[in-house]
Amino acid sequence: QVHLVESGGGSVQAGGSLNLSCVASGYSICMAWFREDSGKEREGVAIVTSDGSTRYADSVKGRFTISKDDMKNTMYLQMDSLKVEDTGMYYCAARYSRIGCMLKSDSFRTWGQGTQVTVAS
């Protein structure tokens, strides 16, 4: 069982940037970022596979960049031009197989504990 630890969250003004990291205890082909705000359903933000393929939620395209360093078993989420609506708890998730690798929360069984991102207006 792979363990995931997120870091890099914080409080920023709208228009600012944050870079989240997710360190995994082992290798995973498919990794993703999700976010959850109070009262809302967990939302897929971005997904990356070890061949470099990425997909993004429409709400973050052009502002967020997901990447993965397999030598370090670490995934990143560079978040630029942050908006108030980007506020939430950000979770990383991992899946060993490429099969079923989708930006849906029920595609993943391994999750980190989350890191809070707060964007002020």
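Values below: all heavy atoms of this structure, side chains included; hydrogens, waters and symmetry mates excluded. For clarity, every value in this text was computed on a predicted model and none was experimentally measured.
For the pair Asp86 and Lys83, the salt-bridge criterion is not met [side-chain N within less than 4.0 Å of a carboxylate O].
Within 6.0 Å of CD on Glu85 lie more than 12 heavy atoms contributed by other residues, nucleotides or ligands.
Residues Val119 and Tyr56 are members of one and the same hydrophobic cluster, defined by side-chain heavy-atom contacts under 4.5 angstrom among Ile, Leu, Val, Met, Phe, Trp and Tyr. One hydrophobic cluster, built from ILVMFWY side chains closer than 4.5 Å, holds both Leu77 and Met31. Note: the hydrophobic cluster containing Val23 does not contain Val117 (ILVMFWY, side chain heavy atoms under 4.5 Å, direct or indirect links). Val45 and Tyr91 are not part of a single hydrophobic cluster, where members link through side-chain heavy atoms under 4.5 Å apart. Linking ILVMFWY residues whenever their side-chain heavy atoms come closer than 4.5 Å, directly or via other members, leaves Val60 and Leu103 in distinct clusters.
Ala32 and Ile47 get closest at one heavy-atom pair: CB-CG1, 3.8 Å. Residue Leu4 comes nearest to Val2 through the heavy atom pair CD2-CG1, 3.8 Å, listed as atom of the first residue, atom of the second, then distance.
Within the model, atoms CD1 of Ile29 and OH of Tyr96 stand 5.5 Å from one another, a figure rounded to the nearest 0.5 Å. Atom OG in Ser121 sits 7.5 Å away from atom CD in Gln13 (nearest 0.5 Å). Between atom CZ of residue Arg35 and atom CZ of residue Arg42 there is a gap of 13.0 Å, rounded to the nearest 0.5 Å. Summarising the geometry, atom CZ belonging to Phe34 is positioned 16.0 Å from atom CE belonging to Met89; distances are rounded to the nearest 0.5 Å. How far CE of Met102 is from SG of Cys30: 9.5 Å, rounded to the nearest 0.5 Å. In this structure, Arg55 CZ and Thr49 OG1 are separated by 8.0 Å, a value rounded to the nearest 0.5 Å.
For the residue pair Tyr27/Ser50, the side-chain donor-acceptor check at 3.5 Å is satisfied.
Two residues are said to be in side-chain contact when any heavy atoms from C-beta on lie closer than 4.5 Å; Ser28 and Met75 fail this criterion. Between Ser17 and Asp80 there is a side-chain heavy-atom pair separated by less than 4.5 Å. Side-chain contact check for Ser21 versus Lys72: every heavy-atom pair is 4.5 Å or farther apart. Residues Val12 and Met79 fail the side-chain proximity criterion, which asks for heavy atoms closer than 4.5 Å.
When atom types are taken as modelled, the side chain of Glu6 and the backbone of Gly114 share a donor-acceptor pair closer than 3.5 angstrom. Not a single donor-acceptor pair under 3.5 Å links the side chain of Ser107 to the backbone N or O of Cys101.
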Between Thr87 and Gln116, is the side-chain contact (heavy atoms from CB on, under 4.5 Å) condition met? List the steps. CA-CA 8 Å; Thr87 293; Gln116 178 68 36; 4.1 Å; yes

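Ring orientation note: the planes of Tyr90 and Phe64 are tilted relative to one another, at an angle of 30° to 60°.
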